[in-house]
Amino acid sequence: MAALIDEVVQDHPYLPGGLIPLEQWQTPETSVQKTVRGALNDIFEQLRVGISPEGQAFRSLDDLPVLAGDRLREFAPEPDSGLLAETLQSQLNQLKQAGAHRRNVSFIVTPPFSGVSEALRHTHRRILTPPDNLFMSEQDAAVWWEEQLSIDDWVVPQLADFWLRHQSGLNLLREFFARIALDDTCNGLVGCSSWCWQFWIQYLPELSLEPYTLAPLSGGQMTRWFDYLASGKGDQQMVARMTQDGLYVLPKPEEQSRHKYSSFTRDLATLARGNRGVALAIWQRALRARPENQNELEGKEPAVVAGRQCWVVPLDQLSLPSLSHTAGRQPSHILHALLLHSGLTTEQLHLVTGMPEQEVRLSLAKMMRAELVSLDREFGVYRVTPLGYPAVRKNLQARGYPVDGF
């Protein structure tokens, strides 16, 4: 089956590596040097106390002018959800036509910030949104799903929106999985957070739905993806070089390239665990308007294109959000709930954690100052930030929480 999928799915610059079966996902390879450096960083991290710096947002360790506004959107734009939707649908169609995927309902399980949920809202399908009442009885849940799944092609952009980890909040998804397992609904497409998926495959271990996921980005794939985003789909070239030594990050290397390249994207792929959304957030934070010493770099390797150049801070000089093991269990409990549900209101956090709303609000305020959590004002929900996600995941894993497989 794996060989057939490799032959069928065509690589696309907007989706490097394409769709792969969930069980084939692996973290990008890590060099020995990077592994040792990571171990040392973990030791130093354990010496820090609480959420640091106290009461302050995290900032870059250097004082180089950052890219912001239009300049940042020019060099590191957000992905086009519509194009990603077209690419995903095209690859699923290829798999079905080749006989590699035969189910009526297709599942795409991805870690947070992969952009799949946003993309699925741009498909030409009927979008299913959760009911106002997530505490339905089994009978009401059966009636509701019967109405939703029996007509037209449909899509669920984010399955995590349809439940709450509460004794009364499981019936909707229990009924949903029971119906999907029989594969007798209209054609459907489901996006599901990896954290939500991890909970439900433990709760219903007999589930067998053959989900797909996005291939993790390696360093080389990340370079090509950043280059494609910044070049306007190949129409104009961008140059990105390291602030301290002038080594190149972009454009993507050509076979006969005369430039010397940095290991930045390879190290970033390791830090982000191949997660495209996390990598893009860190990439945006790392971009600068000028290098550390302009005079020293003027004689080194002239830029390929004048006027389309920016600079990149090394990862070990970039300050990112962190959550120490000494911060207490309360923040971890809130963060785990936010990831399970891809975002929650304070009232919902009270329901799923059992913590008083006032304590929830105080913890959220502290984590917002530390850039670990942000408020989505459009929907009134709090979410883990892509910049904070690596530290959050590491903290939860160290505390023994069941983490996702990504």
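- Side-chain contact annotation: Glu359 with Ser363, donor-acceptor N/O pair under 3.5 Å absent.
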Residues 194-202, side-chain donor-acceptor partners within the protein, below 3.5 Å, at least two apart:
from	atom 1	to	atom 2	distance (Å)
Ser194	OG	Asp404	OD2	2.6
Trp195	NE1	Tyr389	OH	2.9
Trp195	NE1	Asp404	OD2	3.4

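- A side-chain N or O of Ser332 and one of Arg399 form a donor-acceptor pair less than 3.5 Å apart.
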Criterion ring-ring contact (aromatic ring centres under 6.0 Å, His included) on Phe162 and Trp145, from CA distance to verdict: CA-CA 11 Å; Phe162 286 75; Trp145 283 117; 5.7 Å; yes
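- A salt bridge is defined here as a Lys NZ or Arg NE, NH1 or NH2 lying under 4.0 Å from an Asp or Glu carboxylate O, and Arg224 with Asp227 fails to meet this definition.
- In this structure, Trp283 and Phe226 have side chains that are in contact, with non-hydrogen atoms separated by less than 4.5 Å.
- Met242 has its side chain within reach of Pro314: a pair of non-hydrogen atoms, C-beta onward, lies under 4.5 Å apart.
- For the pair Asn171 (side chain) and Met136 (backbone), a donor-acceptor distance under 3.5 Å is present.
- Among residues two or more places apart in sequence or in another chain, the side-chain contact (heavy atoms from CB on, under 4.5 Å) test is passed with Asp376 by Glu378, Phe379, Val381, Arg383.
- Judged by distance alone, the side chain of Arg103 and the main-chain N or O of Ile180 form a donor-acceptor pair under 3.5 Å.
- Side-chain contact between Glu74 and Cys310 is absent, with no heavy-atom pair separated by less than 4.5 Å.
- Remark: side-chain polar atoms of Asp153 are not paired, donor with acceptor, to backbone N or O of Arg125 under 3.5 angstrom.
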